[in-house]
Amino acid sequence: MGDKLKEKDKIKKQIEELRKQILRHDYCYYVLNQPEISDTEYDKLMKKLGNLEESHPEFITSDSPTQRVGGEPVKGFKTVRHKAKMLSLDNTYSVEELKSWDKRVKKWLKGEKVEYVAELKIDGTGVSLSYRDGVFYLGVSRGDGERGEDISSNLRTIRSLALKLWPASDKKYPIPRVLEVRGEVYMNHQDFQGLNKQRKHNNEALFANPRNAAAGSLKLLDPRISARRGLNFFIHSFGNIEGGKGFDSQWEFLHAARQWALRISPNIKFCKDINEVISYCNKWQDKRSSLQYEIDGIVVKVNSIKQHKELGHTLKSPRWAVAYKFPSHQVTTRLNNIRVQVGRTGVITPVAELKPVECGGVTISKATLHNFDEIERLDVRVGDRVLLERAGEVIPKIIKVVKSVRTGKEKRFSPPRQCPVCDGPIEREKEGEVAFRCVNPSCPAQIERSLLHFASRSAMDIEGLGKSIVKQLIAGKLVSALDEIYALNKEGLLKLDLFAEKKAENLLISIEKSKSRSLGRLFFALGIRHVGEKAAQLLAEKYPSVDKLMEVKKEELQEIREIGPVMAESIEGFFNNKSTKKLIKNLRHLGLNMSQVSVKKKPQVLADKIFVFTGQLDSHGRGQAEALVGELGGRTSSAVSKKTDYLVRGSNPGSKYEKAKKLGIAILDENGFEELIRK
């Protein structure tokens, strides 16, 4: 008897210790948004606790992490009680566990035939939407599963969220008087990367992943900021229906919801048995990186609503649904070293060298640290244990340092004082930017990018000077700086594998022609930071020679309406650099045009017409096309509105094209645009 009591006491203490660990990780994850372990490691702790409590139910308490969904609502919004609990899902991690769940379901249903609905498990944040008489009136976050926050104002800004339900074409599905549906708010990879790029520019903390970015966006008190975050939404189930017809199955609900204009994932599948579910899981485990958003598994639901009721639920999870989790894309490992590399634009980037670790089926040994401010923000040191994340095929990154396991032997890292490639000076970016940059335009690490930009169609337009040719010129040590393009000769080119006599002659002719390009093209070709095609043309009109622009101070540049302090400082700094002055001197000596040629003003055939461009233009660069519109008296805009006269459509047009069609705006392809400007 004494031994049994000791054993039970030991198990009780083990359970209590697991609860403390999990509650601490809940706090780090949900409250601080600073996870210390990966999702897989967390799930293992939860599973261990659940197994112990299942074997010893006498030790289950109401405050155990297994008996609730998550953290309490964050203060700042009105608290709302859910009419039906928003439960969490139990997880499975293998085909065998999924089959075991299927067997349990059939056992509980006493051998009844079971069909399933399988859907992608979006890695976002769960919310509940309520409609009264077909009009959206309330949106609530998951919160602790029983109560959430009224975030209606932020949800209302999501374009993929229906503000009004449409009457179904099938009369079988009238809109209920009150309908509560559940879904997932998420952020596409592209929008997430754009948001973090902007935050990096503003010297703000970066979001760890799209899920945290979506959750953080819904907590903002200013819905105008939420509206700019590019949030998206999918409906996946219903919570409550009043004054309307119920549903016999999950599949029937999805069919009705789609008719009501609620956004449903296009990848949901009806499965007649568990084998079809497993095939669906295997398919999307392989294809997950092809999606525009992050998924971390598959949700499997019993299709029959009658069977839902028979199966019921535990205190925290429904018995009629389960999640099949993919291999984790978050792991922890040791940071062995930090080295720096010079990017194509001269930015000095720190790279973490890691103890190799498997993450999402791939062995990871390196990760980006973004910039040196990010090292300081994370307080990451050589020797630290770090939390690593890899989203799809994206380069892995460090999102957290596990400081609780530090030994004191970890070493701080200091940014370099000179470029690691050319030993030239590096400068700290200003006006809120955080990067260090090598300011030597002839730095070997930058020369390939610089040459390609210099020769591009919108710049000096040197036909034949493409990527493969540039690589050979650099490898053959024929070119190591921009001005050396103009020192090339046929004898040297013919020594390279890619050149025959005719090809060499054609390239040299194209190079010679480029000497007479306009001043605006030259300003753009030089690759001045923050100066695009449009700004380069503006500078050429305002300062009609290279000499005049080189003398201008940033204070004068800022007086130009289109030029802000960041661009002004970049221009002044570029022309004050010794390497730039040497480059300009050499280009002048080689015979390049250094002045704005006075030309007769063109007929203003596009006077007062407003143009919007979308997609990739083949015959013109975007800046060049916009400059042409300006020369002919027209104006350009970045947004489509009722005032827009023409939308010019290139390949792969974006949402502007769809909006223009809806508004009945004249749409031109590139040929139509050419005809218009030639009139």
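Counting from 1, the numbers follow the sequence of the chain as shown.
Side-chain contact check for Val386 versus Leu354: some heavy-atom pair is nearer than 4.5 Å. When side chains are defined from C-beta on, Lys121 does not count as touching Ile295, because their heavy atoms never get closer than 4.5 Å. Counting heavy atoms from C-beta outward, Pro210 and Asp123 have side chains that stay 4.5 Å or more apart. Counting only heavy atoms from C-beta outward, the side chains of His82 and Ser128 approach each other to under 4.5 Å. At a threshold of 4.5 Å between non-hydrogen side-chain atoms, the residues Leu155 and Ser152 do not count as touching. Proximity of Gln341 to Arg339: side-chain heavy atoms (C-beta onward) are separated by under 4.5 Å at one or more points. Between Arg229 and Leu195 there is a side-chain heavy-atom pair separated by less than 4.5 Å.
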Hey, mind stepping through Leu218 and Leu231 against side chain to side chain contact (heavy atoms under 4.5 Å, CB included) and telling me if it holds?
CA-CA 9 Å; Leu218 291 178; Leu231 297 175; 4.0 Å; yes
Worked check of salt bridge (Lys or Arg N to Asp or Glu O under 4.0 Å) between Lys471 and Glu448
CA-CA 7 Å; Lys471 282 183 177 292; Glu448 181 184 332; 3.5 Å; yes
Test log, rule side chain to side chain contact (heavy atoms under 4.5 Å, CB included), inputs Leu526 and Leu583:
CA-CA 10 Å; Leu526 290 174; Leu583 175 64; 4.2 Å; yes
Report the C-alpha separation of Phe413 and Val340 in whole Å, then their side-chain angles, then the decisive distance to 0.1 Å, and conclude whether the side chain to side chain contact (heavy atoms under 4.5 Å, CB included) test is met.
CA-CA 11 Å; Phe413 179 82; Val340 295; 4.0 Å; yes
Checking side chain to side chain contact (heavy atoms under 4.5 Å, CB included) for the pair Leu335/Ile398: CA distance, chi angles, key distance, verdict?
CA-CA 10 Å; Leu335 191 155; Ile398 291 171; 3.6 Å; yes
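The nearest pair of heavy atoms linking Pro350 to Ile348 is CD-O, 3.9 Å. Across all non-hydrogen atoms, the minimal contact from Pro396 to Ile364 is CG-CG2, 3.6 Å. Nearest heavy-atom pair across Val531 and Ala536 is CG1-N, 3.8 Å. Of all heavy-atom pairs spanning Ser160 and Asn232, the tightest one is OG-OD1, 3.0 Å. Heavy atoms only, all atoms of each residue included: Pro416 and Phe372 are closest at CD-CZ, 3.6 Å. Considering all non-hydrogen atoms of both residues, Leu378 and Ile399 come closest at CD2-O, 3.7 Å.
Look at Arg412 and Asp379 and you find a salt bridge, because one of the NZ, NE, NH1 or NH2 atoms lies within 4.0 Å of a carboxylate O, short of that distance. Taking the charged nitrogens against the carboxylate oxygens, Glu41 and Lys44 have no contact shorter than 4.0 Å, which rules out a salt bridge. Taking 4.0 Å as the cut-off between side-chain N and carboxylate O, Asp384 and Arg406 count as a salt-bridged pair. Residues Glu294 and Arg211 are not paired through a salt bridge, judged by the lack of any N-O separation under 4.0 Å between the basic side chain and the carboxylate. A salt bridge does not link Lys366 to Glu353: none of the charged nitrogens lies less than 4.0 Å from a carboxylate oxygen.
Under a 3.5 Å cut-off, the side chain of Arg334 and the backbone N or O of Lys355 do not form any donor-acceptor pair. Between the side chain of Glu97 and the backbone N or O of Tyr93 there is at least one donor-acceptor pair closer than 3.5 Å. Remark: side-chain polar atoms of Glu184 are paired, donor with acceptor, to backbone N or O of Thr125 under 3.5 angstrom. Judged purely by atom type and a 3.5 angstrom limit, Arg288 has no side-chain atom pairing as donor or acceptor with the backbone of Gly297. The main-chain N or O of Ser94 is never found under 3.5 Å from a side-chain atom of Thr92 such that the two would form a donor-acceptor pair. Between the side chain of His453 and the backbone N or O of Phe524 there is at least one donor-acceptor pair closer than 3.5 Å.
Contacts of Asp191 classified as side chain to side chain contact (heavy atoms under 4.5 Å, CB included), with partners at least two apart in sequence or in another chain: Met187, Asn188. Remark: Arg156 engages no residue in a salt bridge (Lys or Arg N to Asp or Glu O under 4.0 Å) (not counting sequence neighbours). For Lys554, the side chain to side chain contact (heavy atoms under 4.5 Å, CB included) partners two or more places apart in sequence, or in a different chain, are Gln558, Ala568, Glu569, Glu572.
Using bins of under 30°, 30° to 60° and over 60° for the plane-to-plane angle, the ring pair Tyr293/Phe234 lands in the perpendicular bin.
Between Gln14 atom CD and Leu52 atom CG the span is 5.0 Å, to the nearest 0.5 Å. Interatomic distance, Thr368 OG1 to Glu374 CD, rounded to the nearest 0.5 Å: 8.5 Å. Here the OG atom belonging to Ser88 is positioned 7.0 Å from the CZ atom belonging to Arg142, to the nearest 0.5 angstrom. Here Leu45 contributes atom CG and Glu17 contributes atom CD; the two are 10.5 Å apart, rounded to the nearest 0.5 Å. In this structure, CZ on Arg381 lies 12.5 Å from CD1 on Ile375, to the nearest 0.5 angstrom. Atom NZ of Lys78 is separated from atom CG of Asp150 by 5.0 Å, given to the nearest 0.5 angstrom.
Test Asn91, Ile298, Leu89, Val300 against Val322 for side chain to side chain contact (heavy atoms under 4.5 Å, CB included) and you get one pass: Val300. Between Asn154 and the choices Ser217, Ser226, Ser141, the side-chain hydrogen bond (donor to acceptor under 3.5 Å, both in side chains) rule is met once, by Ser226.
By the 6.0 Å contact criterion, NZ on Lys403 is enclosed, its count of non-hydrogen atoms from other residues, nucleotides or ligands being greater than 12. The local environment of CD in Glu146 is crowded, with over 12 non-hydrogen atoms from other residues, nucleotides or ligands closer than 6.0 Å. The neighbour count for Gln292 CD, taken as heavy atoms of other residues, nucleotides or ligands under 6.0 Å away, does not exceed 12.
Between the side chains of Arg385 and Thr332, at least one donor-acceptor pair of N or O atoms lies under 3.5 Å.
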